[in-house]
Structure formats: structure tokens, C-alpha cells
Amino acid sequence: MSGQVPKLTNARIIQAHNKLGEITSLHQTHIRASRRGISFESRRFDFIGGGASVEWQLARPKLRFPSLLDWAGARAQVHGMTTSLSTPGAHAELLARLLGNRAELAELVSGPLAAGLHSFVAERTKKPEGAGLPEEHGCVVRTETFLTFQGICERSDQQVSVDTRDKVDHLTDRGLFIRGLVLGCAHCTHVSFVPIDNLGSKFRCQRCLSDNNLTRERWHKPFAEPQWFYDLHPTARTLLSENGHVPLLLSHYLRQRSRRFADAAEFNLLGDDNRKKAETDLLALADEQLSVR
């Protein structure tokens, strides 16, 4: 089986090779999908040795259920078109792979941490660095916001708790959040976010490439120890700033109200000249009802 898709009765309108498993030859198996389901010829059409038992004379095709995006591509082929992920769709697919699947991504942008995620892009401003953002919540460096753990909790209206801590750690493990420090360079005075993987007893300035000692002068406040900040994956920043999360909100809404659900990222329908003919924001299969937005 390919993908995480429930039975798609509309598969009857795609070509046979899109329904066969990879190791099944189209020339050896004649299959057909109809309103009543999948049917195939009972006899094999390839070489059958003399004296073969009846069991080995019967066709036993290996079928697959294509993912919804694969089904859309196969359906487009019937009309001489192809499919291609749009830019927001490609961004969503990348983030879905980071988190594990689209369901978890849709739940994240719809769940309790959603407001905190939006704060990484909502604070973008030309005001002086840190203006309008409490120091304990984070800072703004050249129009980009970096939040502390407390800032993520406050912006998400969540308590500073073990549960929230575990959620942030999970997203950090997945790569959606990036933990690090906001440091200034002693040589060119450039202030930047430095991921934890690039830190040691010394760190390298990302602009002038000079090495700096990790001392109080570089992190400024608080004087005792540096404050950890979090960056949001750049693709997630782009997705949220361009409203690419809106189809995911609809996906989450439909998933919560369906017993069986699958959806596909945004994609374009391309003609034989490779020009865009149409665009979908969401293709969803909810309880065997196909919806296109």
C-alpha cells in the first residue's frame, strides 16, 4: 500500500498501471476499477508451465491504494495534464515531513501553540530592536523575532508547565524550533541568532566570520548566564507570513469531523505546454466524499 489513504472509489477513472503494485507487470494482469470495486481476469496471461496447479494459474495481482496526491496526478494524466506542488504546497510538505505527517502539521497550526508560532512573524517591524516585546519574552533582530520559552508560553496563552516544555522540546527535536543564543560580535558589532549547534567556548560571527569568546559582553543580558532563544524554521516563517497555513486549518476542521480522512498539499494542474491551468488549495477525501477548494 502506498500513502495513508482510505479506499478511494473514484480510482475507477485512472489508468490501470496506477493501481498495480510495483512488482506486478501490467502485461500479466488485466484489472479494472468500477463502481463496485476492483476486478481482474481470473487467468494469468504470462508464461504458465505445464502441469501448474490451478492456484498458480490464477491471477493474483498486487494492488496499491495511491496517495491522494498520486491519485490526482494519475487523474490529470487522463486529460493530458500533470500535477506539480505549488510553492505553499511544497513548503507544507517539507514541514509535514519534519513533523511526521500532514495531520500533525495541521494540528500544530490549529492547536494551542498556533498563536506562539504566529508571533515569530507578527512581530516583524522596523521599530528599534526589541521594541514592543518584553525582554523576558524575546527580542527582535532586524525585523525577525526570536522568542524565549516564556515568550512562547505567553504568546500561546499556555502555562509554563512540563506539558508545554515537552511540546516545545518535541518541536525542537523535529527541527521546527531551533534553540540558540542572540549574540553580538566584538569585531563588527553585528547581532545575530546563533543556533546551539554552532556554539562552543567560541562562536563565529555570521557576517564578518571572526571568532568570538562566549562571554558576558557578547550576550549582554542577563549578566549571570545567557538566555536561550528559539528561532522558527525559515520555511515555517514563510508559510505563516504568506497565509499558507489556511488550507491546513480547513484540513484540521474536516479531519476532526470525519471518520476516515486524507488530504493533499496545494498543487497546480499543468497543461502539455507546462503552463498552469488551475490551482487547488486543498484536495480532501472525507468519508469517501471528495472535496476540492
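- Asn243 pairs by the side chain to side chain contact (heavy atoms under 4.5 Å, CB included) definition with His245, Val246, not counting sequence neighbours.
- Heavy-atom minimum distance, Gln158 versus Thr164: CB-OG1, 3.9 Å.
- Under a hydrophobic clustering in which Ile, Leu, Val, Met, Phe, Trp and Tyr are joined whenever their side-chain heavy atoms come within less than 4.5 Å, directly or via other members, Val191 and Phe193 fall into the same cluster.
- Residue pairs meeting the side chain to side chain donor-acceptor pair (under 3.5 Å) criterion with at least one partner in residues 215-225, sequence neighbours excluded, are Thr215-Glu217.
- Listed by first then second residue, pairs satisfying side chain to side chain donor-acceptor pair (under 3.5 Å) with a partner in residues 261-273 read Arg102-Asp263, Ser251-Asp263, not counting sequence neighbours.
- Every residue meeting the side-chain hydrogen bond (donor to acceptor under 3.5 Å, both in side chains) condition with Lys202, not counting sequence neighbours, appears here in chain and number order: Asn213.
- Judged as a ring-ring contact (aromatic ring centres under 6.0 Å, His included), not a single pair has a partner in residues 265-293 (not counting sequence neighbours).
- Partners of Leu98 under the side chain to side chain contact (heavy atoms under 4.5 Å, CB included) rule, at least two apart in sequence or in another chain, are Leu94, Leu95, His233.
- The side-chain hydrogen bond (donor to acceptor under 3.5 Å, both in side chains) test applied to Ser258 returns no partner, not counting sequence neighbours.
- With sequence neighbours left out, the salt bridge (Lys or Arg N to Asp or Glu O under 4.0 Å) criterion links Glu279 to Lys276.
- Side chains of Val141 and Val182 form a contact here, defined as non-hydrogen atoms less than 4.5 Å apart.
- Taking the side chain as every heavy atom from C-beta outward, Phe149 and Val160 approach each other to under 4.5 Å.
- Under a cut-off of 6.0 angstrom, the local environment of CD in Glu107 is sparse, with at most 12 non-hydrogen atoms contributed by other residues, nucleotides or ligands.
- At a cut-off of 3.5 Å, with distance as the only test, no side-chain donor of Thr238 or Ser241 sits close to an acceptor on the other residue.
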Could you pull out every donor-acceptor pair under 3.5 Å between side chains of residues 170-180 and any protein atom, sequence neighbours left out?
residue : atom : partner : partner atom : Å
His170  : NE2  : Glu104  : OE2          : 2.8
Thr172  : OG1  : Val168  : O            : 2.8
Arg179  : NE   : Tyr230  : OH           : 3.0
Arg179  : NH2  : Asp169  : OD1          : 3.1
Arg179  : NH2  : Tyr230  : OH           : 3.2

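- Looking at Leu250 and Asp281, their side chains never come closer than 4.5 Å, going by heavy atoms from C-beta outward.
- Residues Pro247 and Arg293 have side chains not in contact (no heavy-atom distance under 4.5 Å, counting atoms from C-beta outward).
- Residues meeting the salt bridge (Lys or Arg N to Asp or Glu O under 4.0 Å) test with Arg97, sequence neighbours left out: none.
- Of the possible polar contacts, one joining the Asn212 side chain to the Ser210 backbone as a donor-acceptor pair under 3.5 Å is found.
- Judged as a side chain to side chain donor-acceptor pair (under 3.5 Å), the pairs with a partner in residues 181-201 (not counting sequence neighbours) are, in order, Arg142-His190.
- One hydrophobic cluster, built from ILVMFWY side chains closer than 4.5 Å, holds both Leu69 and Leu290.
- Take Asp231 and apply the side-chain hydrogen bond (donor to acceptor under 3.5 Å, both in side chains) test, not counting sequence neighbours, and it matches Arg237.
- Put simply, the side chain of Leu248 does not reach to within 4.5 Å of the side chain of His252, judged on heavy atoms.
- Following chains of ILVMFWY side-chain contacts shorter than 4.5 Å, one cannot reach Leu147 starting from Leu183, and the two form parts of different hydrophobic clusters.
- For the pair Arg257 and Tyr253, the distance from NZ or CZ to the six-membered ring centre is under 6.0 Å and the angle to the ring normal is within 45 degrees.
- Using a 4.5 Å cut-off between side-chain heavy atoms of Ile, Leu, Val, Met, Phe, Trp and Tyr, with links allowed through other members, Trp228 and Leu214 fall into the same hydrophobic cluster.
- For the atom pair Trp71 CH2 and Leu283 CG, the distance stands at 6.5 Å (nearest 0.5 Å).
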